[in-house]
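Okay, so here's the structure we're looking at.
Here the structure is a predicted model, which is why all the values come from computation and not from measurement. In what follows, residues are counted from 1 in the order of the sequence shown.
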Amino acid sequence: MVDDDARLMLAFRNGDRRAFEALFSRYTPRILTFLTRLVRDRARAEELTQDVFVRAWQKLGTFR
């Protein structure tokens, strides 16, 4: 999975939207669970989860 994540991140960094969608699908449940526990509000956690991925998309160019 680590190699697959690295491949997807490289493709994502090169602008491949399908790679972004694959990462989104893979990590959304984990991030949502974490944030739901952290903020104790499912609706807020869903908003924050979306924010995580929006921020990742915006910062794509600075990802190493």
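- In this structure D16 satisfies the side-chain contact (heavy atoms from CB on, under 4.5 Å) test together with A11, R18, A19, sequence neighbours excluded.
- Taken to the nearest 0.5 Å, the CG atom of L10 stands 12.5 Å off from the CG atom of D5.
- Using cut-offs of 30° and 60° on the angle between ring planes, the pair F24 and F53 is perpendicular.
- In this structure, CZ in R13 is found 15.0 Å from CG in L8, a value given to the nearest 0.5 Å.
- Comment: E21 does not engage R17 in a salt bridge, judged by the lack of any side-chain N to carboxylate O separation of less than 4.0 angstrom.
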Practice item. Test R7 against D4 for side-chain contact (heavy atoms from CB on, under 4.5 Å), laying out the working first. Key: CA-CA 5 Å; R7 182 186 58 76; D4 190 41; 2.5 Å; yes

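- Taking the six-membered ring where tryptophan is involved, the planes of F20 and F12 are tilted, since the angle between them lies from 30° to 60°.
- How far CG of L32 is from OG1 of T49: 4.5 Å, rounded to the nearest 0.5 Å.
- To the nearest 0.5 Å, atom CG of residue L38 and atom CZ of residue R44 are 10.5 Å apart.
- Side-chain contact check for T36 versus T33: every heavy-atom pair is 4.5 Å or farther apart.
- In this structure, the separation between CG on L35 and CG on D41 is 11.0 Å, given to the nearest 0.5 Å.
- To the nearest 0.5 Å, the span separating CD1 on I31 from CD on Q50 amounts to 12.5 Å.
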